[in-house]
Amino acid sequence: MSMSSTNTDCLNRRSAQNHNIKYLILIPAYNAAVYLAELVSRVKKSISGADILIINDGSTDRTSELLPTLDVISLSNQVNQGKGYSLNRGFRYAIENNYDYCITIDADLQHLPEELPLFPAESGRLDICLGTREISLKSMPPARWLTNNLTSLIISILSGCRIRDSQSGYRMMATDLLENLKIKSMKYDFESELLLQAGA
């Protein structure tokens with residue numbers, strides 16, 4: 001489930017930037033209190049100079065109590081709205097606060113925070129970079145395997161770039177690209193629709 005240095009897919013359509021790049025680590029969280037303290041600690045150890053934003057998506061566990069103790073930025077949805085809604089809210093925060101890039105990571109530790117530095121950071125020229133998981137019938141149910149592969153194929157054709165895991169939640173995105181997208185999905189299909197719009 002983790003990203004590796006040979007397992008990233010990137011869309012690159014921008015000219016070089018010369019200023020210091022400002023990053024926001026965005027974590028959508030629903031009933032993930034059991035993971036959050038460890039996740040935040042590992043993120044902070046893995047990448048410096050980035051702010052962390054947790055979107056609490058109407059959690060009914062201890063997430064609300066835990067967030068003030070983590071020294072992160074946090075926003076809360078009063079009721080559960082879905083992952084896409086939380087991501088979109090985080091993207092708006094990134095845009096409004098002038099971040100250059102937003103890096104999303106799932107709250108359940110399925111992605112390794114230690115691999116955050118593998119996202120390319122030196123050029124500031126990328127639109128989107130995905131951390132890809134192992135896509136096999138051994139690692140996911142058949143229906144999910146088929147859906148992911150079909151969606152990845154379509155997005156690869158539209159973008160002109162090989163996309164192996166269109167549903168990965170581990171990705172780095174330029175906020176000026178996000179600002180121009182109009183995504184309707186508010187659930188888990190949000191991530192695939194984002195790539196379809198970005199690649200079109």
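For reference, positions follow the sequence shown, starting with 1. Below, each value reflects all heavy atoms present in this structure, side chains not excepted, and no hydrogens, waters or symmetry copies.
How far CG of N80 is from CG of N31: 8.0 Å, rounded to the nearest 0.5 Å. To the nearest 0.5 angstrom, S59 atom OG is 10.0 Å from I54 atom CD1. To the nearest 0.5 Å, atoms CE (M172) and CG (L118) are separated by 11.5 Å. Taken to the nearest 0.5 Å, the CD1 atom of I103 stands 13.0 Å off from the NE2 atom of H111. Rounded to the nearest 0.5 Å, atoms OH (Y35) and CG (L109) are 7.0 Å apart.
Between F119 and Y170, the ring planes lie perpendicular to each other; the angle is over 60°, past the 30° to 60° tilted range.
The minimum heavy-atom distance between A94 and C102, with the atom names listed, is CB-CB, 4.5 Å. Taking both residues in full, the closest heavy atoms of G90 and L53 are given as CA-CD2, 3.9 Å, listed atom of the first, atom of the second, then distance. In plain terms, the two heavy atoms of L178 and I95 that are nearest each other are C-CD1, 4.2 Å. Taking both residues in full, the closest heavy atoms of R62 and A33 are given as C-CB, 3.9 Å, listed atom of the first, atom of the second, then distance. Nearest heavy-atom pair across D127 and Y101 is O-CE2, 4.4 Å.
For E179, there are no side-chain hydrogen bond (donor to acceptor under 3.5 Å, both in side chains) partners at least two apart in sequence or on another chain. In this structure, the side chain to side chain contact (heavy atoms under 4.5 Å, CB included) partners of N77, at least two apart in sequence or on a different chain, are I55, D57, Q81, Y85, S86, R89.
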Could you list the donor-acceptor pairs under 3.5 angstrom formed between side-chain atoms of residues 64-74 and any protein atom two or more places apart in sequence or on another chain?
residue	atom	partner	partner atom	Å
S64	OG	N56	ND2	3.2
T69	OG1	L66	O	2.6

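At distances below 3.5 Å, not a single donor-acceptor pair connects side-chain atoms of D106 with backbone N or O atoms of D108. Under the 3.5 Å distance criterion, the side-chain polar atoms of D61 are matched with a main-chain donor or acceptor of A32.
Residue D51 forms a side-chain contact (heavy atoms from CB on, under 4.5 Å) with just one option from N97, L26, L24, I25, and that option is L24.
Ion pairing of E38 with R42 is present here, as a side-chain N (NZ or NE/NH1/NH2) and a carboxylate O approach within less than 4.0 Å.
The hydrophobic clustering, which links ILVMFWY residues whose side-chain heavy atoms are closer than 4.5 Å, places Y30 and I52 apart.
Inter-residue side-chain proximity for L39 and I105 is flagged as met; some heavy-atom pair is nearer than 4.5 Å.
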